[in-house]
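Step one of this worksheet: look at the structure below.
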There are 2 protein chains.
Amino acid sequence: MRCDSRLSGVLHVLLHMAEHDGPSTSETLARAMETNPVVIRRVMAGLREAGYVRSEKGHGGGWSIVCDLSAVTLRDIYDALDQPSLLAIGNRSAEPECLVEQAVNRALGKVFDEAEALLLERFGAVTLQMLSDDFHKSMRARRKSTHSKGVHGHDA
Amino acid sequence: MRCDSRLSGVLHVLLHMAEHDGPSTSETLARAMETNPVVIRRVMAGLREAGYVRSEKGHGGGWSIVCDLSAVTLRDIYDALDQPSLLAIGNRSAEPECLVEQAVNRALGKVFDEAEALLLERFGAVTLQMLSDDFHKSMRARRKSTHSKGVHGHDA
DNA sequence: ATCTCATGTAATGTTATTAGTTACATTCAG
DNA sequence: CTGAATGTAACTAATAACATTACATGAGAT
């Protein structure tokens with residue numbers, strides 16, 4: 001995989017949690033994400049601080065969603081993971097002395113800012129509930145044609 | 001620096017070449033870019049293949065621009081450097097079996113595609129000539145207030 | 001001709017970042 | 001008290017971007 005996929009991964013985890021009654025353990029979530037439980041705890045820490053999920057220790061513990069899915073957008077989730085940047089390219093240096101480079105930075109910077117703004121705006125327009133609805137729709141569509149065994153194809 | 005800055009760097013180099021009569025050596029360009037001559041040759045290779053610049057070996061050799069600055073856009077330059085992706089984030093996997101992840105991918109993918117399209121479109125609207133004009137404008141503005149010593153502040 | 005200056009390019013080294021793992025402390029239900 | 005869970009620091013591994021070295025090739029100067 002060439003791109004940072006924390007956002008994609010976290011959304012996947014959240015939707016799985018939403019489908020599951022009671023808390024999900026890091027262990028379980030890690031299996032669905034094909035990663036390590038510690039990685040799950042690490043990325044979920046940001047969401048907990050932001051108040052979207054909650055974690056409980058001990059017997060019967062694990063992670064639960066504690067927000068209204070229709071009130072939280074992808075933008076909120078993105079903000080809660082402190083990802084460095086949305087764009088893979090950028091200016092060579094922030095404040096160059098060279099006038100040539102300043103001209104380049106002005107032109108590129110304007111474009112980069114527009115693109116970032118677009119991404120954030122679009123993320124802000126999609127709620128977790130919409131993702132969940134879309135998932136349920138595709139689930140129903142699939143049920144019609146095949147006998148589904150579970151959410152994952154591989155955990156039959 | 002956290003982002004890939006090949007595009008920014010190459011544009012810087014091109015504008016310097018445009019200001020310079022006759023070919024510029026990789027050595028010279030590398031000094032302006034604060035990097036190694038081999039790096040210059042490497043990234044310029046793509047531009048040469050695309051026909052925007054030309055390189056000559058031997059005495060008096062080096063790099064020259066062989067295109068009309070007002071006919072080449074940042075998009076053209078971007079295409080000539082084979083940069084992998086414009087966005088720093090992406091989907092966890094391209095074609096997941098998991099229906100939950102498919103729903104996530106659909107939503108994110110749409111947004112990513114829009115953002116990429118916007119970037120490319122904006123790049124396509126800016127020519128090298130525009131960058132050069134902007135540089136000359138800022139050059140003139142600076143001349144009015146200080147005695148400029150050269151294009152770079154540091155190569156006085 | 002040959003010497004020097006330049007590019008072309010493969011191979012290698014270096015550094016930074018990210019993901020993954022281990023280890024151990026902490027907390028809580030039973 | 002025991003066992004199951006998270007919290008977190010420290011360490012390791014994998015990857016990618018960038019820089020460097022080394023050497024081959026080509027072109028002009030003498």
Side-chain angles (χ1 to χ4, degrees), chain A residues 1-10 12-13 17 20 22-49 53-66 81-93, chain B residues 1-10 12-13 17 20 22-50 52-66 81-93:
Chain A
M1 201 183 334
R2 44 176 324 87
C3 299
D4 190 321
S5 55
R6 243 179 301 177
L7 180 60
S8 161
V10 162
H12 186 184
V13 162
M17 283 166 61
H20 188 257
S24 317
T25 66
S26 309
E27 177 70 36
T28 305
L29 297 173
R31 234 176 295 128
M33 293 258 307
E34 292 169 306
T35 182
N36 193 290
V38 176
V39 175
I40 298 289
R41 292 184 199 125
R42 225 153 30 197
V43 315
M44 296 295 280
L47 299 197
R48 184 183 47 219
E49 279 162 37
V53 300
R54 182 181 152 195
S55 62
E56 287 162 300
K57 295 181 172 181
H59 267 283
W63 299 87
S64 352
I65 298 190
V66 291
L81 315 168
D82 57 312
Q83 300 222 120
S85 166
L86 288 161
L87 302 182
I89 67 177
N91 284 324
R92 235 171 49 87
S93 54
Chain B
M1 204 181 336
R2 42 179 325 90
C3 300
D4 191 320
S5 55
R6 245 180 299 178
L7 180 60
S8 160
V10 163
H12 187 185
V13 161
M17 283 167 61
H20 188 257
S24 316
T25 65
S26 309
E27 176 72 32
T28 305
L29 297 173
R31 234 175 296 129
M33 292 260 306
E34 293 169 304
T35 183
N36 194 288
V38 177
V39 175
I40 298 289
R41 292 187 198 123
R42 219 145 41 192
V43 314
M44 297 295 280
L47 300 197
R48 184 184 48 220
E49 279 162 36
Y52 303 134
V53 300
R54 183 182 152 196
S55 62
E56 287 161 301
K57 296 180 172 182
H59 269 279
W63 299 87
S64 351
I65 297 191
V66 291
L81 315 167
D82 58 310
Q83 300 223 118
S85 164
L86 289 161
L87 302 182
I89 66 178
N91 284 325
R92 235 169 50 87
S93 55

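When reading the values below, keep in mind they use all heavy atoms of this one structure, side chains included, and skip hydrogens, waters and symmetry mates. Keep in mind that what you see is a predicted model, and the values were worked out from it rather than measured. Chain identifiers are assigned alphabetically (A, B, ...) following the order of the sequence lines, protein sequences preceding nucleic acid strands; residue numbering begins at 1 within each chain.
Taking atom CE of A:M33 as the reference point, atom P of C:dT21 lies 13 Å away to the nearest angstrom. B:E27 has its CD atom 14 Å from the C1' atom of D:dA19, to the nearest Å. If you measure from atom CG of A:L29 to atom C1' of D:dA5, you get 13 Å, rounded to the nearest angstrom. If you measure from atom CZ of B:R92 to atom P of C:dT18, you get 18 Å, rounded to the nearest angstrom. Remark: C1' of D:dA22 and CG of B:N36 are 12 Å apart, rounded to the nearest angstrom. Rounded to whole Å, atom C1' of C:dT9 lies 12 Å from atom CD of B:E49. In this entry the distance linking CD of A:E34 with P of C:dA19 reads 15 Å, nearest Å. Rounded to whole angstrom, the span from the CD1 atom of A:I40 across to the P atom of C:dT22 amounts to 16 Å.
When each of A:T25 and B:R42 is assigned the nucleotide of DNA chain D bearing its nearest heavy atom, the one mapping closer to the 5' terminus is A:T25. Along DNA chain C, the nucleotide nearest B:V38 and the nucleotide nearest A:R6 are compared for position; the residue whose nucleotide lies closer to the 5' end is B:V38.
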* Asked: Given the rule in the side chain to side chain contact (heavy atoms under 4.5 Å, CB included) test, do B:S64 and B:E56 qualify, once you have shown the distances and angles that lead to the verdict?
  -> CA-CA 9 Å; B:S64 351; B:E56 287 161 301; 4.1 Å; yes

* Asked: Should A:L86 and B:I89 be marked as a side chain to side chain contact (heavy atoms under 4.5 Å, CB included) after you check the CA-CA gap, both sets of side-chain angles, and the distance that decides it?
  -> CA-CA 6 Å; A:L86 288 161; B:I89 66 178; 3.6 Å; yes

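Residue B:S26 places at least one side-chain N or O closer than 4.0 Å to OP1 or OP2 of C:dT7. For C:dG20, one of the phosphate oxygens OP1 or OP2 lies less than 4.0 angstrom from a side-chain nitrogen or oxygen of A:T35. At the phosphate of D:dT6, OP1 or OP2 sits under 4.0 Å from a side-chain N or O atom of A:R41.
B:A88 and A:S85 make their closest contact through CB-O, 3.4 Å (heavy atoms, listed as atom of the first residue, atom of the second, distance). When all heavy atoms are compared, the tightest approach of B:V10 to B:V43 is CG2-CG2, 3.6 Å. Contact detail for A:A30 and A:N36: the closest heavy-atom pair is CB-C, 3.7 Å. The two atoms that bring B:L29 and B:W63 nearest to each other are CD1-CD1, 4.1 Å, heavy atoms only.
Remark: the backbone N or O of B:R92 is paired with a side-chain donor or acceptor of A:S8 at under 3.5 angstrom.
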* Letter per nucleotide, 5' to 3', of nucleotides 25-30 of chain D [B base touched, S only sugar-phosphate touched, - untouched; heavy atoms, 4.0 Å] -> BBBB--

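The side chain of A:S55 lies closest to D:dG7, out of D:dT21, C:dG8, D:dG7.
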